[in-house]
Asks: 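Here's a structure for you.
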There are 4 protein chains.
Amino acid sequence: MTSGTRSKGTRSSFLEEARRAQIVQCAIDIISTHGYAQASLALIAERAGISKGVISYHFAGKDELIAQVYTEVMTLAAKAVLPRVEQQPGASDKLRVYIEGSIAFIGTHGPHSIALLEIWNGLRTPQGKPVFDARSYEPGLDFLQNIFRQGQAEGEFRRFSPRHMAVAVRSAIDGVLVQRITYGDKVDLEESSRELVDLFHAATAKPAAPTRGSRRPRA
Amino acid sequence: MTSGTRSKGTRSSFLEEARRAQIVQCAIDIISTHGYAQASLALIAERAGISKGVISYHFAGKDELIAQVYTEVMTLAAKAVLPRVEQQPGASDKLRVYIEGSIAFIGTHGPHSIALLEIWNGLRTPQGKPVFDARSYEPGLDFLQNIFRQGQAEGEFRRFSPRHMAVAVRSAIDGVLVQRITYGDKVDLEESSRELVDLFHAATAKPAAPTRGSRRPRA
Amino acid sequence: MTSGTRSKGTRSSFLEEARRAQIVQCAIDIISTHGYAQASLALIAERAGISKGVISYHFAGKDELIAQVYTEVMTLAAKAVLPRVEQQPGASDKLRVYIEGSIAFIGTHGPHSIALLEIWNGLRTPQGKPVFDARSYEPGLDFLQNIFRQGQAEGEFRRFSPRHMAVAVRSAIDGVLVQRITYGDKVDLEESSRELVDLFHAATAKPAAPTRGSRRPRA
Amino acid sequence: MTSGTRSKGTRSSFLEEARRAQIVQCAIDIISTHGYAQASLALIAERAGISKGVISYHFAGKDELIAQVYTEVMTLAAKAVLPRVEQQPGASDKLRVYIEGSIAFIGTHGPHSIALLEIWNGLRTPQGKPVFDARSYEPGLDFLQNIFRQGQAEGEFRRFSPRHMAVAVRSAIDGVLVQRITYGDKVDLEESSRELVDLFHAATAKPAAPTRGSRRPRA
DNA sequence: AATGAATGAGGCTTCATTCAT
DNA sequence: CATGAATGAAGCCTCATTCAT
């Protein structure tokens with residue numbers, strides 16, 4: 001209204017955003033520890049030390065909160081993984097970094113990863129149909145498919161269906177997450193990472209030429 | 001079990017079992033079409049054309065019904081897949097038949113497969129902990145791990161972690177199921193089967209010997 | 001299923017109907033005493049001495065309960081008033097009996113009448129639009145308009161707009177109800193009835209012929 | 001009130017009054033479009049482009065705001081109708097002008113009229129009793145009764161109960177409003193006005209003397 | 001004087017479970 | 001054995017009101 005100082009609107013927005021972020025974070029915690037179905041607004045509010053109504057005040061409803069959580073986690077994951085992948089010139093390296101990055105994200109953002117899986121599996125339309133069905137995977141699958149197509153075009157990869165391979169890679173990574181959820185620290189993510197890299201390297205690489213030497217660029 | 005006239009108790013048991021089986025079947029239908037969260041006893045009872053109380057009468061509670069569904073489907077799947085796998089002498093063929101059988105099961109028992117996934121993801125303890133977490137996978141994983149160990153011992157497979165490979169195989173098969181749920185008939189299960197067989201053949205096979213000929217036993 | 005005795009279905013229906021009727025009656029009582037807006041399911045259930053869930057069990061939701069109340073009262077009112085009206089051959093007598101019957105209904109079915117008015121005024125769509133707006137009056141207005149058309153055709157009534165007269169008659173009767181709601185027994189319904197009969201007789205009758213004698217058929 | 005610089009208190013009062021008037025106006029708009037039950041403070045504040053708290057600041061509570069709306073509209077209506085009525089010397093003309101003025105007010109102040117009806121029907125005490133029941137009508141009814149008494153005393157009107165006639169006139173005018181709310185412009189207010197004037201002229205006038213000529217002084 | 005944030009009560013609905021018949 | 005009826009908890013949402021800034 002006056003000048004110089006930050007406008008009220010901005011200050012409002014700042015506090016508003018802080019609250020929203022806090023609530024989103026608590027939602028992630030609760031969803032990851034109690035599961036999507038048990039993640040009631042009451043539980044989330046309790047965790048945040050606020051009244052239930054506060055959530056309704058800052059979010060249009062539970063749906064918006066969940067959507068926000070989803071967006072938050074997806075954005076975080078994409079930022080953590082994709083840029084580093086794209087820095088790799090070769091398809092084989094891209095695949096390796098994608099797998100390594102994805103599994104590393106599970107380690108650094110455990111609750112986020114779990115929450116993502118929970119929402120994925122738990123969020124339904126009122127008719128019971130999944131809101132995030134396989135269609136939501138498409139962007140990620142596209143990303144992988146492009147890597148595979150590049151590798152095949154450049155002769156680095158053998159012939160296979162890029163789509164099915166992409167589905168398998170994503171599924172395998174999710175499988176690691178499921179293991180991690182159950183067994184916690186007993187699952188050595190670095191080992192899982194190495195094994196999956198090897199697995200999909202072997203699965204995609206061209207059959208060894210007769211005079212081939214070392215097979216793996218790195219273990 | 002076979003003779004016509006049995007004691008009342010047995011006849012009771014027979015009817016009892018028929019009722020239970022009917023309810024379990026309806027539960028599978030409802031869970032697969034409406035999702036776990038929406039699968040209320042009322043919906044299942046309506047589908048079965050019976051009263052809600054009947055379910056409570058035949059099952060200790062919803063949990064027991066769901067557990068029964070789970071057992072039923074797991075048993076069906078095991079019967080459909082495992083015997084044929086064990087008929088194969090070689091580890092490589094065992095793996096191939098396991099994958100083929102598992103994906104074929106998705107095709108022949110769609111609702112069962114979906115229900116299994118729904119229960120897997122949806123069933124929780126009152127504290128929100130998954131009832132069927134990765135631990136429930138262990139029997140299946142053991143089965144696969146044994147195949148891999150056999151193959152490695154017999155020199156058919158390269159060196160890799162049997163456990164991680166087992167997790168990857170199961171996850172990849174589940175990935176096909178998720179695709180199938182979303183895209184239905186547009187997902188060609190036979191193609192998926194072939195691709196996964198190829199994928200894991202390549203992933204497990206020893207690096208091609210210099211003078212090896214055909215790599216795939218079957219296309 | 002057997003024979004002779006009433007089928008289970010019927011017995012069920014009987015008890016079912018009794019409960020529904022009880023709940024509808026309690027809803028009428030609560031709506032008439034506390035007003036539509038305050039007529040919560042909790043209050044109605046408390047009055048009926050049952051749990052809130054019972055209402056949800058017997059009715060699809062609050063909407064269906066209210067609709068049932070509305071239908072119940074409308075049907076009662078129609079049965080109480082219309083047949084006697086149609087027994088009258090002359091339009092003038094029809095009008096008189098209609099007014100007398102409508103006001104008598106207020107006396108014999110006070111809570112019903114009040115509940116009807118409350119629902120009429122209070123029930124809204126989620127967007128705030130009245131569910132029972134003037135359109136719902138049309139059947140009743142038609143009935144009155146036909147009386148007026150008959151009277152004009154037979155020369156008993158003077159020239160006027162049947163529609164506007166019909167609206168005025170209905171409104172005047174509702175006005176008596178509003179008075180009754182506020183002042184209770186202090187409003188003499190018989191007197192109100194006589195006055196309205198006179199009023200609308202005078203309003204509809206042809207200008208007195210020069211040699212006219214008695215004006216009212218009944219005082 | 002007129003001079004430019006006044007004490008702070010007065011200037012405050014001026015702004016205060018402006019704010020209150022603005023809020024009252026917005027309340028009228030919202031009530032008339034969304035209905036009383038849906039007219040939340042949030043909606044009214046949004047319409048006014050202010051914060052919800054402002055309303056609480058300027059009004060003791062929602063009740064006071066509504067009461068203010070009621071007073072505002074009643075005052076407007078009284079100012080629009082009563083003075084012109086009182087200019088008429090004869091009772092018959094007074095009645096005519098009262099009806100004409102009241103219906104004209106519906107045309108010129110649609111939202112006000114609707115809001116008035118909504119408040120009338122919707123506002124309740126915490127116990128569910130109407131706040132504005134028929135008692136609130138008394139001033140208006142008195143005004144009409146005085147007209148009728150005058151007309152009867154001066155021999156212009158026939159014998160009838162002034163009170164019941166007054167109730168009928170008010171009810172009939174309200175009936176026109178209800179029609180207008182539902183059917184909007186399709187209700188010709190001028191026609192409604194003429195018909196009601198005729199109706200109540202006929203209803204109140206002395207039976208035609210044997211040698212009388214024209215019945216209506218004016219249409 | 002105004003605001004946005006927070007509260008807490010209350011409403012409707014769904015649902016697994018219990019129980020008398 | 002089976003049923004329909006009833007329960008009570010829990011969930012999400014709306015809203016008038018209060019309060020610190």
Asks: Indicate whether OP1 or OP2 belonging to E:dA6 is found under 4.0 Å from a side-chain N or O atom of A:Tyr57.
Replies: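 Looking at the OP1 and OP2 atoms of E:dA6, neither is under 4.0 Å from any side-chain N or O of A:Tyr57.
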Asks: Between B:Gly49 and D:Asp63, name the one whose nearest nucleotide on DNA chain F is closer to the 5' end.
Replies: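 This one resolves to B:Gly49.
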Asks: Counting only Watson-Crick or G-U wobble pairs whose two distances fall under 3.5 Å, which nucleotide matches F:dA6?
Replies: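 Paired with F:dA6, as far as the under-3.5 Å criterion goes, is E:dT17.
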Asks: Compare side-chain N and O positions of C:Ser56 against OP1 and OP2 of E:dT14 and report whether any pair is under 4.0 Å apart.
Replies: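 Answer no for this pair, as no side-chain N or O of C:Ser56 is under 4.0 Å from OP1 or OP2.
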Asks: OP1 or OP2 of F:dA6 less than 4.0 angstrom from a side-chain nitrogen or oxygen of C:His58, does that happen here?
Replies: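 It does, given that an N or O in the side chain of C:His58 lies less than 4.0 Å from OP1 or OP2 of F:dA6.
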Asks: Could you check whether D:Lys52 makes a cation-pi contact with A:Tyr57, meaning its NZ or CZ is under 6.0 Å from the centre of the six-membered ring and within 45° of the ring axis?
Replies: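 So D:Lys52 doesn't make the cation-pi contact.
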Asks: Both D:Val54 and B:Lys62 contact DNA chain E. Taking the nearest nucleotide for each, which residue is further toward the 5' end?
Replies: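 The answer here is D:Val54.
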Asks: Picking from E:dT17, E:dA6, E:dT13, which would you name as closest to the side chain of B:Lys52?
Replies: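 Output: E:dT17.
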Asks: With both distances under 3.5 angstrom, what nucleotide forms a Watson-Crick or G-U wobble pair with E:dA9?
Replies: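 Paired with E:dA9, as far as the under-3.5 Å criterion goes, is F:dT14.
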Asks: Classify B:Ser40 by what it touches in the nucleic acid, base, sugar-phosphate, or nothing, heavy-atom distance under 4.0 Å.
Replies: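 Sugar-phosphate only.
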Asks: Name the closest nucleotide to the D:Ile50 side chain, picking from F:dA5, E:dT7, E:dT3.
Replies: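 Selected nucleotide (nearest to the side chain): E:dT3.
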Asks: Could you work out which one of E:dA16, F:dC13, F:dT17 sits closest to the side chain of D:Leu41?
Replies: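 Comparing E:dA16, F:dC13, F:dT17 against the side chain of D:Leu41, the answer is F:dT17.
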Asks: In terms of side-chain geometry, is the basic nitrogen of C:Arg124 or D:Glu118 positioned less than 4.0 Å from the acidic oxygen of its partner?
Replies: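 Result for this pair is yes, salt bridge flagged.
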Asks: Closest nucleotide of DNA chain F for A:Gly61 versus for D:Ala42: which of these residues is on the 5' side?
Replies: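 The residue whose closest nucleotide sits nearer the 5' end is A:Gly61.
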Asks: Identify whether the distance between the nearest side-chain nitrogen and carboxylate oxygen of B:Glu72 and B:Arg20 falls below 4.0 Å.
Replies: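 Between B:Arg20 and B:Glu72 there is no salt bridge, as every charged N stays at least 4.0 Å from the carboxylate O atoms.
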Asks: How about A:Glu16 and A:His58: does a side-chain donor come under 3.5 Å of a side-chain acceptor?
Replies: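 Judged by distance alone, the side chains do pair up.
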Asks: So, OP1 or OP2 of F:dA2: does either fall under 4.0 Å of a side-chain N or O from B:Arg19?
Replies: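 Indeed, a polar side-chain atom of B:Arg19 lies that close.
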